[in-house]
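Report on one structure; see the data block that follows.
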Amino acid sequence: MERTGPTVRFSGLLAAATAAVLAAGALVATAPAAGAADVDLARNGGFESGLDGWSCTAASGAVVSTPVHGGTKALKATPAGSDNAKCSQTITVKPNSSYTLSAWVQGSYVYLGATGTGTTDVSTWTQSSGAWKQLTTTFRTGPSTTSVSVYTHGWYGTPAHYVDDLTLVGPGGDPVVIPAVPAGLKTAAITSSSVALSWNAVSGASGYNVYRGGTKVATPTGPSATVTGLTPSTAYSFQVSATNAAGESAKSAVVTATTTAGGGGGGDTKLPARALVGYLHSSFANGSGYTRMADVPDSWDVINLAFGEPTSVTSGDIRFALCPVAECPNVESEAEFKAAIKAKQAAGKKVLISIGGQNGQVQLASTAARDAFVTSVSKIIDTYGLDGLDIDFEGHSLSLNTGDTDFRSPTSPVIVNLISAVKSLKAKYGSDFVLTMAPETFFVQLGYQFYGSGPWGGQDPRAGAYLPVIHALRDDLTLLHVQDYNSGPIMGLDNQYHTMGGADFHIAMTDMLLAGFPVAGDTTKVFPGLRPDQVAIGLPASTQAGNGHTTPAEVNKALNCLIKKTDCGSYQTRGTWSDLRGLMTWSINWDRFNNWEFSRNFDAYFGN
């Protein structure tokens with residue numbers, strides 16, 4: 001959130017590739033001659049049948065007739081934004097066997113590699129962009145490896161590259177057989193509208209089908225899924241089957257689950273079914289002008305005081321004070337401010353202290369900072385009689401240390417200490433404590449593609465860094481309202497990029513939070529969807545408030561799609577999220593400046 005005018009802070013995802021980083025992937029082994037019994041196992045390696053057998057990220061892959069190395073077709077792949085134009089194929093192989101992977105490429109910074117080898121995954125690359133060049137590398141499979149993934153990709157910000165005549169030469173894998181029936185199907189998290197399922201992985205399976213009452217409802221690639229769009233207080237039955245190229249197994253034994261009652265749950269704290277959340281500039285002034293607490297209209301159900309800020313980035317010592325008279329001539333007195341808060345609370349409103357914002361960098365890198373955070377935030381809450389806390393950590397407040405790769409068990413001190421601090425506050429104030437978060441898309445939805453510094457290093461370590469915080473606190477979380485503004489394009493669950501400013505962006509970004517998604521594309525590490533009543537859409541109140549302002553008509557389209565599954569445009573949601581909590585905006589002050597357009601539209605849409 002910004003104190004002043006809008007500033008786009010969507011930083012570049014990847015650091016510029018240094019020669020040392022690139023050289024790390026350039027260990028090209030000399031390929032031995034293939035054995036007499038070896039065969040080429042790659043499917044459609046010359047791309048003569050289009051993209052048959054290949055999976056390419058976003059819309060990066062296309063087949064062209066020129067230039068080609070052999071035959072009449074070749075692959076053209078174009079990096080865009082944070083997409084490196086990766087195309088991959090899973091191939092059946094034999095355990096304990098040697099393979100040679102080769103391809104002809106044209107372009108700068110083109111990579112060829114293999115993962116899932118069971119030994120050491122390999123890659124090679126070329127820096128030159130001239131004529132066709134052959135890339136070759138070798139690997140040996142592990143003792144239980146039956147399939148590997150081969151891939152090509154480019155580099156961020158580079159032009160299109162071309163790939164042709166890709167081969168994987170080695171012993172042919174055993175004939176593919178239909179996989180066994182999955183065992184161990186069980187339920188995990190159950191909410192009013194979703195059931196999380198998991199089961200034992202099946203050898204030889206490339207995917208799974210999940211059935212609800214005999215109807216297929218999901219097709220995950222890993223041994224877990226969350227079925228959404230369910231009715232509260234309703235019993236459901238589930239089964240799962242395993243699939244591969246040979247077909248589908250029989251269905252597993254049935255498990256049943258009953259969804260919880262609508263609403264409620266961790267951190268609900270008796271908000272209205274449709275809530276409007278806004279930030280009040282209480283400690284500073286800007287072009288929107290100062291708004292007194294008593295003058296905030298009844299439309300606002302949650303009022304976040306902006307901002308509590310630290311005495312230094314790493315101190316954890318948070319301070320809050322009303323805007324100085326010299327800056328805000330119409331500021332109320334402390335006594336008037338506290339009385340107005342009590343009046344709002346008596347009317348059923350929640351008033352929170354928001355920590356951070358654009359200028360308030362908070363890094364709880366030590367246990368001392370963690371403890372100072374708990375003590376100082378408690379003092380603010382007690383002094384003003386507040387209902388809870390809003391976490392608006394931005395900039396470099398949260399990042400993941402190298403090697404911290406699993407959002408379910410974070411190890412980075414700034415992440416671990418924040419989680420611990422918030423849990424301490426929740427324990428101190430009890431079940432009525434309101435907890436909200438307002439991360440940027442960079443720290444949440446971008447985690448679908450990138451998480452931390454990545455498997456090769458070089459990525460921005462802040463990518464997806466809110467995910468472990470949200471996940472660890474999901475049972476205490478009242479509302480998550482991601483800032484759908486000041487954002488670059490973000491890839492949605494349809495593997496297409498979505499751009500801020502219209503209904504499509506809010507639909508895709510919100511659907512990701514509710515349906516869940518594999519983090520960094522790893523289907524063994526799926527971020528489970530939140531309850532719809534835990535989610536609100538974050539938007540700027542006016543064109544002056546932030547980049548990505550959305551007109552009321554487009555806001556209503558987004559609400560129609562998410563709540564009613566109408567007006568969805570090209571993006572189709574994974575569920576109908578009828579319990580979506582509402583909207584958040586930056587800010588109440590800017591909405592007042594804009595003649596209350598945002599809050600009036602909210603009231604009109606929901607009939608308030």
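The shown structure was predicted, so the numbers you read here are calculated from the model rather than taken from an experiment.
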Quick check: closest heavy atoms across [X] and [Y], and the distance to 0.1 Å?
{"X": "Pro171", "Y": "Asp38", "answer": "N-OD1, 3.4 Å"}
{"X": "Val526", "Y": "Ser224", "answer": "CG2-OG, 4.1 Å"}
{"X": "Met512", "Y": "Gly492", "answer": "SD-CA, 3.8 Å"}
{"X": "Trp132", "Y": "Gln106", "answer": "NE1-NE2, 3.2 Å"}
{"X": "Ser237", "Y": "Val254", "answer": "CB-CG1, 3.7 Å"}
{"X": "Gly116", "Y": "Asp121", "answer": "N-OD1, 3.2 Å"}

Is it true that a side-chain atom of [X] and a backbone atom of [Y] form a donor plus acceptor pair closer than 3.5 Å?
{"X": "Thr117", "Y": "Thr115", "value": "no"}
{"X": "Trp54", "Y": "Asn44", "value": "yes"}
{"X": "Asp522", "Y": "Pro518", "value": "no"}
{"X": "Ser412", "Y": "Asn401", "value": "yes"}
{"X": "Thr226", "Y": "Pro528", "value": "no"}
{"X": "Glu48", "Y": "Lys73", "value": "yes"}
{"X": "Arg462", "Y": "Phe443", "value": "no"}
{"X": "Asp164", "Y": "Gly70", "value": "yes"}
{"X": "Thr441", "Y": "Tyr485", "value": "no"}
{"X": "Gln534", "Y": "Leu480", "value": "no"}

Could you pull out all residues at least two apart from [X] that satisfy salt bridge (charged side-chain N to carboxylate O under 4.0 Å, His left out)?
{"X": "Asp40", "result": "none"}
{"X": "Asp52", "result": "Arg43"}
{"X": "Lys557", "result": "Glu554"}

Min side-chain heavy-atom separation [X]-[Y] under 4.5 Å:
{"X": "Ile537", "Y": "Val555", "result": "no"}
{"X": "Thr510", "Y": "Trp577", "result": "no"}
{"X": "Pro159", "Y": "Ser108", "result": "yes"}
{"X": "Tyr208", "Y": "Pro179", "result": "no"}
{"X": "Leu166", "Y": "Leu101", "result": "yes"}
{"X": "Pro489", "Y": "Thr499", "result": "yes"}
{"X": "Leu75", "Y": "Leu51", "result": "yes"}
{"X": "Pro182", "Y": "Pro223", "result": "no"}

Got a sec, which residues hit side-chain hydrogen bond (donor to acceptor under 3.5 Å, both in side chains) with [X], two or more places apart in sequence or on another chain?
{"X": "Lys186", "result": "none"}
{"X": "Lys565", "result": "Thr573"}
{"X": "Gln572", "result": "none"}
{"X": "Asn560", "result": "Asp567, Tyr605"}

Tell me the side chain to side chain donor-acceptor pair (under 3.5 Å) pairs involving residues 140-153, sequence neighbours left out?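 Found Ser98-Arg140.
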If you apply the rule side-chain contact (heavy atoms from CB on, under 4.5 Å), what do you find for Ser252 with Val181, and how did you get there? CA-CA 6 Å; Ser252 69; Val181 178; 4.3 Å; yes
Among Thr137, Thr138, Asp165, Thr136, exactly one meets side-chain hydrogen bond (donor to acceptor under 3.5 Å, both in side chains) together with Ser102. Which residue is that?
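So the option named by the test is Thr136.
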Residues in side-chain contact (heavy atoms from CB on, under 4.5 Å) with [X], at least two apart?
{"X": "Ala257", "answer": "Thr187, Ile190, Val195, Phe238"}
{"X": "Ala85", "answer": "Ser60, Ala77, Pro79, His161"}
{"X": "Ala472", "answer": "Ile419"}

Taking atom [atom1] of [X] and atom [atom2] of [Y], what is their separation to the nearest 0.5 Å?
{"X": "Cys561", "Y": "Tyr571", "atom1": "SG", "atom2": "OH", "result": "8.5 Å"}
{"X": "Leu539", "Y": "Thr551", "atom1": "CG", "atom2": "OG1", "result": "10.5 Å"}
{"X": "Glu440", "Y": "Asn486", "atom1": "CD", "atom2": "CG", "result": "7.0 Å"}
{"X": "Ile490", "Y": "His498", "atom1": "CD1", "atom2": "NE2", "result": "10.5 Å"}
{"X": "Gln459", "Y": "Leu400", "atom1": "CD", "atom2": "CG", "result": "11.0 Å"}
{"X": "Leu446", "Y": "Met509", "atom1": "CG", "atom2": "CE", "result": "9.5 Å"}

Parallel, tilted or perpendicular: ring planes of [X] versus [Y], cut at 30 and 60 degrees:
{"X": "Trp125", "Y": "Tyr109", "answer": "parallel"}
{"X": "Phe517", "Y": "Tyr448", "answer": "perpendicular"}
{"X": "Phe139", "Y": "Tyr99", "answer": "parallel"}

### Query
Under the side-chain contact (heavy atoms from CB on, under 4.5 Å) criterion, do Leu513 and Val482 qualify, and how do the steps go?
CA-CA 9 Å; Leu513 302 176; Val482 175; 3.9 Å; yes
query: Are Arg474 and Phe527 in a cation-pi setup, meaning NZ or CZ lies under 6.0 angstrom from the ring centre and within 45 degrees of the ring axis?
result: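 Verdict for Phe527: a cation-pi partner in Arg474.
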Pick one: which of Leu197, Val240, Val210 meets side-chain contact (heavy atoms from CB on, under 4.5 Å) with Pro220?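 Option passing the side-chain contact (heavy atoms from CB on, under 4.5 Å) with Pro220: Val210.
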Point to revise | side-chain contact (heavy atoms from CB on, under 4.5 Å) evaluation trace for Asp484 with Thr550 | key: CA-CA 10 Å; Asp484 285 1; Thr550 308; over 6 Å; no
Could you list the residues that satisfy ring-ring contact (aromatic ring centres under 6.0 Å, His included) with His471, not counting sequence neighbours?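 By the ring-ring contact (aromatic ring centres under 6.0 Å, His included) rule, His471 matches Phe407.
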